[in-house]
4 protein chains.
Amino acid sequence: MNSGATTRLAPTRFERQLARILDHATAVFYEKGYERATMRDLSRSSGLSLAGLYHYFESKEKLLYLIQRHYFKTVMERLNARLKDVTDPEERVRAFIHNHLEYFVANFKAYKVLSHEDDVLRNQFGAEIAALKREYYRSCASLVEDLKRARQLNFNNRIAVMGLFGSINWLHTWYNPRVDGNADAVAREISDVFLKGICSVARGPEGGQT
Amino acid sequence: MNSGATTRLAPTRFERQLARILDHATAVFYEKGYERATMRDLSRSSGLSLAGLYHYFESKEKLLYLIQRHYFKTVMERLNARLKDVTDPEERVRAFIHNHLEYFVANFKAYKVLSHEDDVLRNQFGAEIAALKREYYRSCASLVEDLKRARQLNFNNRIAVMGLFGSINWLHTWYNPRVDGNADAVAREISDVFLKGICSVARGPEGGQT
Amino acid sequence: MNSGATTRLAPTRFERQLARILDHATAVFYEKGYERATMRDLSRSSGLSLAGLYHYFESKEKLLYLIQRHYFKTVMERLNARLKDVTDPEERVRAFIHNHLEYFVANFKAYKVLSHEDDVLRNQFGAEIAALKREYYRSCASLVEDLKRARQLNFNNRIAVMGLFGSINWLHTWYNPRVDGNADAVAREISDVFLKGICSVARGPEGGQT
Amino acid sequence: MNSGATTRLAPTRFERQLARILDHATAVFYEKGYERATMRDLSRSSGLSLAGLYHYFESKEKLLYLIQRHYFKTVMERLNARLKDVTDPEERVRAFIHNHLEYFVANFKAYKVLSHEDDVLRNQFGAEIAALKREYYRSCASLVEDLKRARQLNFNNRIAVMGLFGSINWLHTWYNPRVDGNADAVAREISDVFLKGICSVARGPEGGQT
DNA sequence: AATGAATGAGAGTTCATTCAT
DNA sequence: CATGAATGAACTCTCATTCAT
């Protein structure tokens with residue numbers, strides 16, 4: 001994990017250590033959940049002493065914040081990079097879904113920490129993460145709106161997008177690569193159902209929402 | 001909440017009290033999450049003393065178990081009752097979605113306690129709840145399979161059903177009756193997208209899975 | 001167990017019930033120790049409700065008091081009855097030992113409750129039991145003194161008697177009827193060692209104590 | 001108290017602190033008994049915070065285990081050292097009694113914690129302490145058997161040794177240095193009575209036991 | 001940079017006991 | 001006579017965090 005997206009230059013020792021700790025912490029939060037995980041668990045898994053951990057972050061909450069921020073930022077960076085080359089509205093929605101699944105299947109532990117520990121953070125930390133999440137949601141919603149406009153479709157944006165987010169955020173409770181194939185396969189299946197779904201809905205001019 | 005489904009006759013004082021406590025506890029778990037919620041919170045919210053609570057259940061875990069069991073059993077009872085009168089395969093899938101949303105919009109606090117505190121329970125309790133959850137999943141999967149067979153459709157059952165569960169289980173993170181309308185409206189929208197989606201997917205004979 | 005030594009007439013229902021409860025309680029105290037034993041244990045073992053127990057005694061302490069008092073009084077009554085027919089000093093000491101072992105092998109659970117929960121009781125209860133214990137000790141000490149005087153023996157009374165009490169009070173930690181024979185056999189062996197011991201000690205006129 | 005018999009080199013700060021805590025705990029257990037003594041009592045007596053205590057041992061049970069193990073091991077080490085220089089069978093039995101009394105009069109609080117909290121420990125802890133106790137008992141029994149063989153005596157080994165253990169384990173309920181003299185005096189008296197006792201018993205060839 | 005030692009606050013749970021019925 | 005329901009107080013133990021070194 002590459003924390004500190006601020007610099008692209010060689011990371012300092014501190015940054016490398018921190019990244020290592022965040023990785024271990026992600027695994028522990030994945031396993032036991034944020035509340036159940038104790039600082040002692042983190043100490044054990046990272047090999048640092050309990051007090052040593054506090055050199056790298058001020059509190060358990062800050063640690064969760066750093067993890068969530070990192071993964072939100074990274075998935076969005078990758079999304080933006082990927083969308084640069086795609087213009088077709090439907091393909092852009094597919095790109096979003098594929099990007100999400102590809103990244104989070106590769107980082108499935110982080111994935112659960114993002115979706116399950118959704119509302120743990122309070123105050124400043126909570127607000128920042130909520131903002132990132134909203135931004136990510138808006139990215140997806142925009143792509144769907146673009147497609148709707150381009151094809152003159154008719155469905156409830158919010159419910160459709162939220163339904164899609166549900167599908168892809170719930171993945172961590174069931175996804176098994178041996179049963180379900182790789183990320184590409186799952187992304188194609190989910191994209192197909194979702195896109196055929198919204199493209200086929202046609203209830204006449206009264207339905208829908210901007 | 002009507003605990004003790006064994007008898008339909010007048011509930012005893014104990015049963016009524018227990019039901020009242022489970023209701024309060026559900027609200028507290030909804031608000032703070034199971035781990036963060038303390039027995040002292042439950043004491044406060046229920047008006048009973050800390051020790052008094054233990055007259056009604058042996059442990060905090062047992063309490064969560066009682067809640068989860070109750071709601072799983074009830075939603076399945078209602079599903080079975082509703083399916084009695086429906087024969088058309090598509091309508092039966094719609095009935096499932098509608099039943100789920102109707103019940104859990106009416107009991108949205110319990111809803112979060114079911115989906116968020118998914119894997120808290122261990123051992124016997126965990127096994128029992130997992131069995132109920134599997135049974136509920138199987139109900140839905142069967143209905144989808146019936147539809148697939150009836151219409152000779154072509155899609156990945158598991159991914160489709162899991163995607164649907166994601167959509168309806170994620171609801172508790174965003175549903176707002178003032179914005180999204182009542183349960184009927186949401187159920188119709190989600191059903192439309194899902195059903196059009198799976199009915200339109202046609203990738204040729206190589207796709208799909210039993 | 002026959003509580004309430006005050007009347008020799010037909011015991012009332014209350015007395016019979018109380019005696020039954022004391023018996024059960026003795027068994028529980030024997031098994032778990034006084035501190036570890038809970039009122040719920042007593043409720044379970046006696047078949048009465050928790051609150052029902054309090055009709056028979058005011059507190060857990062009083063219950064222990066009643067048990068200890070009963071067994072101390074009974075063993076002393078039996079001792080006095082037995083000593084009536086014995087005049088030889090040595091035989092009187094043997095009678096004490098035999099009486100003690102016979103009674104407490106027959107009531108070995110009570111026996112542990114007497115010796116292990118020695119110093120639990122406080123205040124009035126503690127004082128009364130301590131007085132009974134002192135009386136019992138004095139009985140034994142007198143017999144030993146009589147023997148010493150009659151035979152003009154020479155040993156430290158207090159240490160000898162305390163040593164004897166140790167031997168017979170420690171019994172509950174090791175006595176096993178299948179290995180050690182019945183009470184008579186053990187009493188004879190212990191009496192032999194003790195009596196030969198004190199009768200053979202002769203360190204000249206400076207030793208001993210009144 | 002010198003815990004950690006593994007090294008005879010300078011004890012670490014941790015070891016010294018632990019030893020200090022065990023000392024305080026021994027005093028508290030002596031005073032109130034293991035069950036009645038609370039962790040708060042130990043905290044108060046040792047000057048550490050409640051949580052601080054848990055830096056040194058994992059549980060109240062482990063604490064009792066550490067205490068009991070220490071004293072059993074130490075008294076046996078001392079016994080073995082002392083027996084090295086004694087060959088006469090009678091003197092060896094006297095050495096055992098003297099060693100026991102000397103050590104436990106000097107550590108009379110620990111003494112009660114050993115004998116009164118005999119059967120508190122369960123499972124692994126209980127098994128280990130029981131094994132040490134058995135070893136200590138065997139040491140004594142061997143010495144008595146040696147004497148019996150050397151002198152061709154005739155008495156029941158088990159009852160005699162158990163009686164002796166009763167005498168010396170019961171000491172903590174009555175011993176008062178001002179009344180009873182020092183350990184040497186008491187040891188001599190008890191040894192005299194016991195040894196004269198077993199040496200004088202002669203009931204003919206049918207008596208005794210291997 | 002890193003740690004052993006320490007802590008205040010609070011967790012879930014159990015206790016002997018009471019009281020309305 | 002007997003009980004289900006209830007409680008205040010106290011229990012052992014764990015938590016995230018700090019600080020001297």
Rounded to the nearest 0.5 Å, what's the gap from [atom1] on [X] to [atom2] on [Y]? Could you check?
{"X": "C:Y65", "Y": "C:F57", "atom1": "OH", "atom2": "CZ", "answer": "15.0 Å"}
{"X": "A:L66", "Y": "A:I129", "atom1": "CG", "atom2": "CD1", "answer": "8.5 Å"}
{"X": "C:L121", "Y": "C:L64", "atom1": "CG", "atom2": "CG", "answer": "5.0 Å"}
{"X": "A:Y54", "Y": "A:L63", "atom1": "OH", "atom2": "CG", "answer": "9.5 Å"}

Of all the nucleotides listed (E:dT17, E:dG12, F:dC13), which has the minimum atom distance to the side chain of C:S59?
->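 Among the listed nucleotides, the one closest to the side chain of C:S59 is E:dT17.
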All side chain to side chain donor-acceptor pair (under 3.5 Å) counterparts of A:R44, not counting sequence neighbours =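 Testing A:R44 for side chain to side chain donor-acceptor pair (under 3.5 Å), a comparison that skips the adjacent residues, returns A:D41.
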Length of the [atom1]-[atom2] vector between [X] and [N], whole Å:
{"X": "A:K60", "N": "F:dT14", "atom1": "NZ", "atom2": "P", "value": "15 Å"}
{"X": "B:R44", "N": "E:dA11", "atom1": "CZ", "atom2": "P", "value": "9 Å"}
{"X": "A:L18", "N": "E:dA2", "atom1": "CG", "atom2": "C1'", "value": "16 Å"}
{"X": "D:R36", "N": "E:dA16", "atom1": "CZ", "atom2": "P", "value": "11 Å"}
{"X": "C:E35", "N": "F:dT12", "atom1": "CD", "atom2": "P", "value": "12 Å"}
{"X": "C:F29", "N": "E:dA16", "atom1": "CZ", "atom2": "C1'", "value": "12 Å"}
{"X": "A:K62", "N": "F:dT17", "atom1": "NZ", "atom2": "C1'", "value": "16 Å"}
{"X": "B:M39", "N": "E:dG12", "atom1": "CE", "atom2": "P", "value": "7 Å"}

Nucleotide-level pairing of DNA chain F, given in dot-bracket where Watson-Crick and G-U pairs need both distances under 3.5 Å and | marks other strands | .||||||||||||||||||||
SB check D:K133 D:D118 (cutoff 4.0 Å) |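 So D:K133 pairs with D:D118 through a salt bridge.
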Is the C:F29 ring parallel, tilted or perpendicular to the C:Y34 ring (thresholds 30°, 60°)?
->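 Answer is perpendicular, since the angle exceeds 60°.
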Can you tell if the side chain of C:S43 reaches within under 4.5 Å of the side chain of C:L50, non-hydrogen atoms only?
->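 Yes, close enough: below the 4.5 Å cut-off.
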Could you write nucleotides 3-10 of chain F as a row of B, S and -, 5' to 3', where a protein heavy atom under 4.0 Å of any base atom gives B, of only sugar-phosphate atoms gives S, and otherwise -?
-> BBBSBB-B
Please assess A:D119 against B:K32 for the test salt bridge (Lys or Arg N to Asp or Glu O under 4.0 Å), listing each intermediate value before the final yes or no.
-> CA-CA 10 Å; A:D119 53 0; B:K32 313 188 75 171; over 6 Å; no
For A:E58 and for D:D41, find the nucleotide of DNA chain F with the closest heavy atom, then tell me which residue's nucleotide is more 5'.
->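 Here D:D41 is the residue nearer the 5' end.
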